[in-house]
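As C-alpha coordinates, the structure follows; a few thoughts come after it.
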Amino acid sequence: IAIGDHPGRDLYHPVRLADVELEPAALSLADESACMDDEQFLRRMILALLQRDISDAELREFEHAIRRGVPRRTIVSHLANSLTP
(Lines give C-alpha, C1' and ligand atoms only; values in the text may rest on other atoms or scores of the structure.)
Protein backbone atom coordinates (compact mmCIF):
# COMPACT_ATOMS: atom_id res chain seq x y z
CA ILE A 1 0.00 0.00 0.00
CA ALA A 2 1.45 3.36 -1.00
CA ILE A 3 1.46 6.44 1.18
CA GLY A 4 -2.01 7.91 1.17
CA ASP A 5 -3.56 4.67 -0.09
CA HIS A 6 -5.59 2.37 2.07
CA PRO A 7 -8.41 -0.10 1.51
CA GLY A 8 -11.70 1.70 1.10
CA ARG A 9 -10.13 5.05 0.22
CA ASP A 10 -12.73 7.41 -1.20
CA LEU A 11 -11.07 8.98 -4.25
CA TYR A 12 -14.03 11.28 -4.84
CA HIS A 13 -13.92 12.87 -1.38
CA PRO A 14 -10.26 13.21 -0.39
CA VAL A 15 -9.36 14.19 3.16
CA ARG A 16 -8.49 17.86 3.43
CA LEU A 17 -5.39 18.80 5.42
CA ALA A 18 -7.61 21.03 7.56
CA ASP A 19 -9.56 17.93 8.65
CA VAL A 20 -6.57 16.15 10.25
CA GLU A 21 -3.84 16.97 12.72
CA LEU A 22 -1.02 17.68 10.32
CA GLU A 23 2.07 16.65 12.27
CA PRO A 24 0.90 13.14 13.31
CA ALA A 25 -0.39 12.51 9.79
CA ALA A 26 2.86 13.80 8.31
CA LEU A 27 4.99 11.69 10.64
CA SER A 28 3.20 8.59 9.40
CA LEU A 29 4.73 9.41 5.99
CA ALA A 30 8.20 9.01 7.45
CA ASP A 31 7.25 5.85 9.32
CA GLU A 32 5.84 4.24 6.19
CA SER A 33 8.90 5.10 4.09
CA ALA A 34 11.33 2.43 5.30
CA CYS A 35 11.25 0.55 1.97
CA MET A 36 11.71 3.70 -0.15
CA ASP A 37 14.95 5.23 -1.32
CA ASP A 38 15.52 8.85 -0.33
CA GLU A 39 14.39 10.36 -3.63
CA GLN A 40 11.16 8.35 -3.70
CA PHE A 41 10.44 9.28 -0.07
CA LEU A 42 11.06 12.99 -0.72
CA ARG A 43 8.93 13.06 -3.87
CA ARG A 44 6.01 11.39 -2.06
CA MET A 45 6.40 13.57 1.04
CA ILE A 46 6.26 16.86 -0.90
CA LEU A 47 3.37 15.62 -3.04
CA ALA A 48 1.41 14.53 0.05
CA LEU A 49 2.09 17.64 2.13
CA LEU A 50 2.24 20.38 -0.49
CA GLN A 51 0.18 18.75 -3.25
CA ARG A 52 2.83 19.49 -5.85
CA ASP A 53 6.00 17.96 -7.23
CA ILE A 54 9.30 18.57 -5.49
CA SER A 55 11.64 21.04 -7.19
CA ASP A 56 15.17 20.04 -8.15
CA ALA A 57 16.54 22.49 -5.55
CA GLU A 58 14.34 21.04 -2.79
CA LEU A 59 15.34 17.51 -3.76
CA ARG A 60 19.05 18.40 -3.52
CA GLU A 61 18.54 20.23 -0.21
CA PHE A 62 16.60 17.42 1.46
CA GLU A 63 18.85 14.67 0.09
CA HIS A 64 21.84 16.57 1.49
CA ALA A 65 20.12 16.79 4.89
CA ILE A 66 19.44 13.04 4.89
CA ARG A 67 23.08 12.31 3.95
CA ARG A 68 24.17 14.50 6.89
CA GLY A 69 22.13 12.25 9.16
CA VAL A 70 18.91 14.24 9.61
CA PRO A 71 16.16 11.65 10.22
CA ARG A 72 13.24 11.50 7.80
CA ARG A 73 10.82 12.13 10.70
CA THR A 74 12.64 15.38 11.48
CA ILE A 75 12.39 16.56 7.88
CA VAL A 76 8.68 15.71 7.68
CA SER A 77 7.93 17.29 11.05
CA HIS A 78 9.78 20.49 10.14
CA LEU A 79 7.95 20.77 6.82
CA ALA A 80 4.56 19.99 8.40
CA ASN A 81 5.09 22.57 11.13
CA SER A 82 6.00 25.18 8.53
CA LEU A 83 2.53 24.72 6.98
CA THR A 84 0.50 25.40 10.11
CA PRO A 85 -0.39 29.03 10.84
Side-chain angles (χ1 to χ4, degrees):
I1 296 177
I3 291 176
D5 290 343
H6 54 80
R9 180 176 176 204
D10 184 350
L11 298 176
Y12 299 103
H13 301 93
V15 174
R16 295 175 307 140
L17 289 177
D19 294 337
V20 297
E21 289 183 56
L22 189 54
E23 187 171 3
L27 290 176
S28 71
L29 294 172
D31 294 339
E32 295 174 5
S33 72
C35 296
M36 295 179 209
D37 64 33
D38 293 337
E39 182 176 344
Q40 185 179 27
F41 159 69
L42 292 168
R43 288 186 184 285
R44 289 187 179 188
M45 176 193 65
I46 294 293
L47 186 59
L49 292 177
L50 303 180
Q51 300 177 350
R52 64 171 176 80
D53 291 329
I54 191 170
S55 71
D56 291 338
E58 289 168 325
L59 183 59
R60 284 190 303 272
E61 176 185 342
F62 288 126
E63 283 182 323
H64 181 69
I66 290 171
R67 283 193 304 274
R68 285 190 339 259
V70 177
R72 289 179 176 188
R73 284 179 62 93
T74 301
I75 292 170
V76 171
S77 180
H78 177 74
L79 186 59
N81 286 334
S82 73
L83 299 175
T84 55

Side chain proximity check, Leu59 to Ile46, heavy atoms < 4.5 angstrom: no
List the residues meeting salt bridge (charged side-chain N to carboxylate O under 4.0 Å, His left out) with Asp53, not counting sequence neighbours, and say none if there are none. none
Please find the pair of heavy atoms, one from Met36 and one from Phe41, that lie closest to each other, and give the distance. SD-CA, 3.7 Å
With side chains defined as the heavy atoms from C-beta onward, is the minimum distance between Met45 and Leu42 less than 4.5 Å? yes
Contacts of type side chain to side chain donor-acceptor pair (under 3.5 Å), residue Arg68, not counting sequence neighbours: none
Going by salt bridge (charged side-chain N to carboxylate O under 4.0 Å, His left out), name the residues that satisfy it together with Glu39, two or more places apart in sequence or in a different chain. Arg43
Contacts of Arg60 that satisfy side chain to side chain donor-acceptor pair (under 3.5 Å) - sequence neighbours left out: none
Would you please name every residue forming a salt bridge (charged side-chain N to carboxylate O under 4.0 Å, His left out) with Arg52, sequence neighbours left out? Glu58
So which pairs with a foot in residues 72-83 pass salt bridge (Lys or Arg N to Asp or Glu O under 4.0 Å), sequence neighbours left out? Asp31-Arg73, Asp38-Arg72
Please determine whether residues Leu47 and Ile66 belong to a single hydrophobic cluster, defined as Ile, Leu, Val, Met, Phe, Trp and Tyr linked transitively by side-chain heavy-atom distances below 4.5 Å. no
